[in-house]
Structure formats: structure tokens, C-alpha cells
Amino acid sequence: MKNLADAIEEFIIRELLQDSEDSLLVQRNELAERLSCAPSQISYVLSTRFTPERGYMVESRRGSGGFVRIVRVVPQQEKVKRELAAAELVQHFAAQRLITQRERKLLEYMLEIIDASEAKKKKVLQQAMMRLSSTGQG
């Protein structure tokens, strides 16, 4: 028997796969109502199962008319081929309109001048994206 978190994750992934884009825009309350659960349960699943390590970025806007955007960072077909470099992820974020063109240029420059491994660059990029989404930018 599946637990509620599994059912929520499965529903979100199914919705992402139906969409031809690599992103899904939902309202937390509507999703909770549709799945007969509390909004906090949706938040829990998003924070534990839709992480950058698992290939997702989650942007959340609170308040009336707030939403949650779930983005598949690396499209499924590219996961099989190879892992994207940090600079390629920046381009993907810009294409998905998660960041502005100005932010794209700044992030690309930052990644260019950092003397670090690719793994460290991705970690820095992840932290920068989290800051951008928490300030309501991008």
C-alpha cells in the first residue's frame, strides 16, 4: 500500500510527464484539495522529493494567488546521455524563464571565474538559485 507522500510524488511526476514542457505550475491549496490532503503535506513532498539532487528545482510564491513551479532541471532524454555542466544548467534556467537574461549573464560570469571543480560550481549555482527564488526574483 502506498503512503500519501508516494501518491503525491507520483501525481506530480505524472503531471510533469504529460506536459511537453519541463515545468509544472500549480497552486498548493488546489493540489492539496485535489489529492485530499493538507497543504503542508504537499510542501513536505516538494522539499524532500523534488530536490536539485534528484533533478528538480522548486520555486514557491506565497500569499493570495501564490503558486509552486516545479522544474525538471535536466530533461529525461539528456539524463541518459550525460550530466549537464553548471553553465548548461544556467542556460536551461534562462530558457525555462526561471532567471532573467541579466541574471543568466551574471551567473555565467560567476561560474567562469570560479576556480573550482564542476561539482563545487553546481553547488554554488544551487545556492544562488535558492537565493534568487527566496527573494522573489527570477
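These numbers come from the heavy atoms of this one structure, side chains and all, not from hydrogens, waters or symmetry mates.
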Hydrophobic cluster membership, with links at side-chain heavy-atom distances under 4.5 Å among I/L/V/M/F/W/Y: are Leu4 and Phe11 in one? yes

Do you reckon Ile99 sits in the same ILVMFWY cluster as Ile114, going by side-chain contacts under 4.5 Å, direct or chained? yes

Closest heavy-atom pair and its distance - Ala94, Gln101: CB-NE2, 4.0 Å

Determine the minimum heavy-atom distance between Pro39 and Ala32, stating which atoms define it. N-CB, 3.7 Å

Is there a side chain to side chain contact (heavy atoms under 4.5 Å, CB included) between Arg28 and Val26 once you walk through the steps? CA-CA 6 Å; Arg28 190 182 330 262; Val26 295; over 6 Å; no

Report yes or no: do Arg72 and Ser23 form a side-chain donor-acceptor pair below 3.5 Å? no

List the steps, then state whether side chain to side chain contact (heavy atoms under 4.5 Å, CB included) holds for Ile12 with Leu46. CA-CA 9 Å; Ile12 292 171; Leu46 292 173; 3.9 Å; yes

With a 4.0 Å cut-off on N to O distance, would you call Glu118 and Lys122 a salt bridge?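 No, no charged N to carboxylate O under 4.0 Å.
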
Ion pair check, Glu10 and Arg14, cut-off under 4.0 Å: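 A salt bridge is present here (some side-chain N lies under 4.0 Å from a carboxylate O).
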
Please round to the nearest 0.5 Å and tell me the distance separating atom [atom1] of [X] and atom [atom2] of [Y].
X: Glu15; Y: Arg34; atom1: CD; atom2: CZ; answer: 5.0 Å
X: Glu88; Y: Leu111; atom1: CD; atom2: CG; answer: 11.5 Å
X: Glu112; Y: Glu108; atom1: CD; atom2: CD; answer: 8.5 Å
X: Met57; Y: His92; atom1: CE; atom2: NE2; answer: 10.0 Å
X: Lys105; Y: Thr100; atom1: NZ; atom2: OG1; answer: 9.5 Å
X: Tyr44; Y: Glu9; atom1: OH; atom2: CD; answer: 10.5 Å

Residue among Asp6, Leu31, Ile8 satisfying side chain to side chain contact (heavy atoms under 4.5 Å, CB included) with Val45: Ile8

Show your reasoning for whether side chain to side chain contact (heavy atoms under 4.5 Å, CB included) applies to Met110 and Leu107. CA-CA 5 Å; Met110 175 194 69; Leu107 288 171; 3.7 Å; yes

Test item: Val71 and Phe93 side chains (from C-beta on) under 4.5 Å apart, heavy atoms: no

Tell me, with the steps shown, if Ile42 and Val68 meet side chain to side chain contact (heavy atoms under 4.5 Å, CB included). CA-CA 10 Å; Ile42 302 293; Val68 175; 5.9 Å; no

Report the residues that fulfil ring-ring contact (aromatic ring centres under 6.0 Å, His included) with Phe50, sequence neighbours left out, ordered by chain and then residue number. Tyr56

Tell me every residue that passes side chain to side chain contact (heavy atoms under 4.5 Å, CB included) with Ser117, counting only those two or more places apart in sequence or in another chain. Ala119, Lys120

